Chemist: 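Structure incoming, see below.
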Amino acid sequence: MMTADHKGRSNQRRPAMIDSIKIRTLAAVLTVALGGVALTGERAFHAWQEREAAIALVTASDLRTTLSAGTIELSLERSVSQVALALDGPITPDLASLRDRQRQLSNARFDDVAAKAATISTGSVDAFRHGFAEARDVVRQVRAEIDDLAGRPRAERPAERAAALPNDLKASVLALQAHRLLLQDASFSVPSEISMLETLQEKAWQLREFGGRERTYMVIAVARGEPISPAVRAEMTILHKRVEEIRQEMARLATVARFSGPVMDAIRAVEAGYFGTYARLRQAVLAEADQARPVYPTDFGGFFAASGEALAAVEKIAPAAAAEIHERLAAVTEDATRSIVIDAVILAVFVAGAACATLLVRSAFVRFDDLRRSMEGLAEGDLETSIPHQDTRNEVGRMSATVAVFKSSMLENRRLAAERAAESAAKLHRAEHLDGLTRAFDRAASDMCRHLTNSAAQMEESAKVLGVVAEEAKTQSVAVASAAEQTTANVQRSPPAPRSSPRPSRKSPTRSTDLPPKR
């Protein structure tokens, strides 16, 4: 049997243990579920970031492509303006028409850039918008001054200012193109393939810019029919060297990056046009440009058209690369969206699984709690408590059946204990009865022994008295015998007495009162 103190300590520990198991089980389930939710959520978050970055890259790529196209149109406008300022008379209607057309094209591109930049809100884009607006204001001022001087005869133009204005417009072109770098920050980090495509766009722009500047000098020389000065020829040599370097870099990019078919077609068209047909015409013009009175192989219109066609082929590289960038980013966006959907489904499964697992654990522990209460009742000796869930076909049912066996064993043990207690009580009763009898017998025997002892003592005393009396009687008997003998002797010596004389009476030597009383 359990002591009350041990039972109390057991009852204090058992609920805490059950609660601890329940909490730990729920914690384990929730930990696994939350771990899955965290991992899936992280994957979904990264996929969402990748998707947002791809969308931002599309916008940034469009901005850069549109800005590069606008600066190319502005660069062509600069070339036309430089030619117009180099001629003797006011600008011709053809040149004015070409200038105005290029100006409209560049303005349309720049307006598109401003509209697209307004849809992005990052620190770098804010800086881009501010710098882009300031650069456009400078372009408007330079254009107004160029238009004023180009409308006058050459003699009426300030020579220094007329020579400086094309350079000012060229600086504006470079400034506008440089602003595209503000769109390449951490918010628009790109994969290597897309980065190489953007590099190809930049190289194509540089090829168009440097080739266009060189073409301008040759157009002026052909239009005026004059040789090219050594200073201009030196600058053209530098520009051509840069063009050749760009050509090699583009070829290297094409080998490494494995560009798509349209991009490779655009690169091959540049090789066939700019570095093929136009290169031969360029060499023929430069061969005559050293002569005092050069005879160029073509006139102004023919050279301008041929050079424009070659440069137009260069300009096609940028949109082809932009199209491939869009395709790659669209694939990235699609993959990211698909990943987000899959992760969302997995996340929902984890959440639903966690909820179901929590409910199942709670339901299981409700049955365990019922079984625990029954076991506690049995531990406290309450054999009337019922054992629940014996009919369930799971671990709880098997445990309940085992506890029911324990209850049956406890009931049997209680019955046997009751029988043993009754038998022990009967034996105890008999033992107590026998003990009473034994004690009564012992008391009686003790009393009897004590009485016998007393009686023996009295008898001993009486015997001693009788011995004394006997001794005295013996003494008296001896005396009497002596007296009798004396008497007998006396009688023998004396005459016989008459018969009629009475016999003398015999007296006791002692009184009867001297004898000890009988008990």
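No experiment lies behind these values; they were computed from the predicted model shown. When reading the values below, keep in mind they use all heavy atoms of this one structure, side chains included, and skip hydrogens, waters and symmetry mates.
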Chemist: Using side chain to side chain contact (heavy atoms under 4.5 Å, CB included), reason through Leu311 and Leu207 one step at a time and then give a plain yes or no.
Modeler: CA-CA 9 Å; Leu311 292 175; Leu207 177 60; over 6 Å; no

Chemist: Do Gln177 and Ser68 pair up side chain to side chain, a donor and an acceptor below 3.5 Å, judged on atom types alone?
Modeler: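 Judged by distance alone, the side chains do pair up.
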
Chemist: Between atom CD of Glu134 and atom NE2 of His130, what is the distance when rounded to the nearest 0.5 Å?
Modeler: 3.5 Å

Chemist: Run Arg154 and Leu87 through side chain to side chain contact (heavy atoms under 4.5 Å, CB included) and show every step you take.
Modeler: CA-CA 7 Å; Arg154 185 177 183 182; Leu87 297 178; over 6 Å; no

Chemist: Quick check for you: to the nearest 0.5 Å, what is the distance between Ile146 atom CD1 and Leu165 atom CG?
Modeler: 5.0 Å

Chemist: Indicate yes or no: at least one non-hydrogen side-chain atom of Ile317 is less than 4.5 angstrom from one of Gln201.
Modeler: no

Chemist: Does Asp112 pair with Arg109 as a salt bridge, N-O distance under 4.0 Å?
Modeler: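 Salt bridge absent between Asp112 and Arg109.
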
Chemist: So, taking the atom named CZ in Arg328 and the one named CG in Leu197, what distance separates them when rounded to the nearest 0.5 Å?
Modeler: 5.5 Å

Chemist: Report the C-alpha distance between Arg161 and Glu145 in whole Å, list the side-chain angles of each, state the deciding distance to 0.1 Å, and finish with yes or no for salt bridge (charged side-chain N to carboxylate O under 4.0 Å, His left out).
Modeler: CA-CA 9 Å; Arg161 192 56 186 160; Glu145 196 169 354; 2.6 Å; yes

Chemist: Check the pair Leu67 / Phe110 against side chain to side chain contact (heavy atoms under 4.5 Å, CB included), numbers first and verdict last.
Modeler: CA-CA 6 Å; Leu67 179 60; Phe110 292 151; 4.0 Å; yes

Chemist: Would Glu214 and Arg282 pass as an ion pair if we require N to O under 4.0 Å?
Modeler: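 Looking at Glu214 and Arg282, the cut-off is met.
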
Chemist: With distance as the sole test, does Glu288 use its side chain to make a donor-acceptor pair with the main-chain N or O of Val295 at under 3.5 Å?
Modeler: yes

Chemist: With a 3.5 Å cut-off and no angle check, do the side chains of Arg143 and Ser106 form a donor-acceptor pair?
Modeler: yes

Chemist: Aromatic rings Phe128 and Phe132: how do their planes relate, parallel, tilted or perpendicular, breaks at 30° and 60°?
Modeler: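 Rings of Phe128 and Phe132: parallel, as their planes differ by under 30°.
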
Chemist: Has Lys316 got more than 12 heavy atoms of other residues, nucleotides or ligands less than 6.0 Å from its NZ?
Modeler: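 It does not: Lys316 NZ has 12 such atoms or fewer within range.
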
Chemist: For Asp147, is there an ion pair with Arg103 - N to carboxylate O distance below 4.0 angstrom?
Modeler: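 Result for this pair is yes, salt bridge flagged.
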
Chemist: Can you tell if the side chain of Pro227 reaches within under 4.5 Å of the side chain of Asp290, non-hydrogen atoms only?
Modeler: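 No, their side chains stay 4.5 Å or more apart.
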
Chemist: To the nearest 0.5 angstrom, please state how far the CD atom of Glu198 sits from the OG1 atom of Thr65.
Modeler: 7.5 Å

Chemist: Locate the shortest heavy-atom distance separating Pro158 from Leu149; write the atom from each residue and the value.
Modeler: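 Heavy-atom minimum between the residues: CD-CD2, 3.6 Å.
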
Chemist: What's the shortest heavy-atom distance between Pro262 and Ala320, and which atoms?
Modeler: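 Shortest heavy-atom contact: O-CB, 4.0 Å.
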
Chemist: For Arg152 versus Arg157, what's the shortest heavy-atom pair and its separation?
Modeler: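 Smallest heavy-atom distance, with atoms named: O-NH2, 2.8 Å.
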
Chemist: Do the side chain of Ser339 and the main chain of Asp335 share a donor and acceptor less than 3.5 angstrom apart?
Modeler: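 Side chain of Ser339 to backbone of Asp335: no pair is present.
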
Chemist: Please list, chain by chain and in numerical order, all residues satisfying salt bridge (charged side-chain N to carboxylate O under 4.0 Å, His left out) with Arg140, sequence neighbours excluded.
Modeler: Asp137

Chemist: When you check the side-chain N and O atoms of Thr216 and Gln82, is any donor under 3.5 Å from an acceptor?
Modeler: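 Side chains of Thr216 and Gln82: no pair found under 3.5 Å.
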
Chemist: Has Glu309 got more than 12 heavy atoms of other residues, nucleotides or ligands less than 6.0 Å from its CD?
Modeler: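 No, CD of Glu309 has 12 or fewer neighbouring heavy atoms, counting only those of other groups under 6.0 Å.
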
Chemist: Do the side-chain N and O atoms of Gln206 and Arg242 include a donor-acceptor pair separated by under 3.5 angstrom?
Modeler: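 Yes - a donor-acceptor pair under 3.5 Å links their side chains.
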
Chemist: Could you tell me if the side chain of Val83 sits less than 4.5 Å from the side chain of Phe300, heavy atoms only?
Modeler: yes

Chemist: Which heavy atom in Arg208 sits nearest to a heavy atom in Leu76, and how many Å separate them?
Modeler: NH2-CB, 3.5 Å

Chemist: Check this for me, if you would: do Arg258 and Glu193 make a salt bridge, where the nitrogen-to-carboxylate-oxygen distance has to be below 4.0 angstrom?
Modeler: no

Chemist: Minimum heavy-atom separation for Val243 to Gly211, with atom names?
Modeler: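 In this case the closest contact between Val243 and Gly211 is CG2-N, 3.9 Å.
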
Chemist: Using side-chain heavy atoms (C-beta onward) and a distance below 4.5 Å, is Phe304 in contact with Val80?
Modeler: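 A side-chain contact exists here, since the closest heavy-atom pair is under 4.5 Å.
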
Chemist: Ser75 side chain to Thr71 main-chain N or O, any donor-acceptor pair under 3.5 Å?
Modeler: no

Chemist: How close do Ala150 and Arg99 get, counting heavy atoms only, and between which atoms?
Modeler: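 Distance-wise, the nearest heavy atoms are CB-NH1, 4.4 Å.
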
Chemist: Assess Arg247 against Phe275: is NZ or CZ under 6.0 Å from the centre of the six-membered ring, and within 45 degrees of the ring's axis?
Modeler: yes

Chemist: Could you state the interatomic distance from CD (Gln102) to CZ (Arg78), rounded to the nearest 0.5 Å?
Modeler: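 If we round to the nearest 0.5 Å, Gln102:CD and Arg78:CZ are 12.0 Å apart.
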
Chemist: Counting C-beta onward and ignoring hydrogens, is there a side-chain heavy-atom pair between Ile72 and Val314 closer than 4.5 Å?
Modeler: no

Chemist: Tell me, please, which residues at least two apart from Phe303 pass ring pair (Phe, Tyr, Trp, His ring centres under 6.0 Å).
Modeler: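 By the ring pair (Phe, Tyr, Trp, His ring centres under 6.0 Å) rule, Phe303 matches no residue at all.
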
Chemist: Mind checking the CG-CG spacing from Leu74 to Asn107? Nearest 0.5 Å is all I need.
Modeler: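 Spacing of CG (Leu74) from CG (Asn107) equals 8.5 Å.
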
Chemist: Does the side chain to side chain contact (heavy atoms under 4.5 Å, CB included) test come out yes or no for Ile228 and Leu286, once each step is laid out?
Modeler: CA-CA 8 Å; Ile228 299 176; Leu286 291 178; 4.2 Å; yes

Chemist: Can a donor-acceptor pair be found, under 3.5 Å and without considering hydrogens, that links the side chain of Tyr296 to the backbone of Glu226?
Modeler: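 Indeed, once roles are kept as given, a pair shorter than 3.5 Å links the two residues.
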
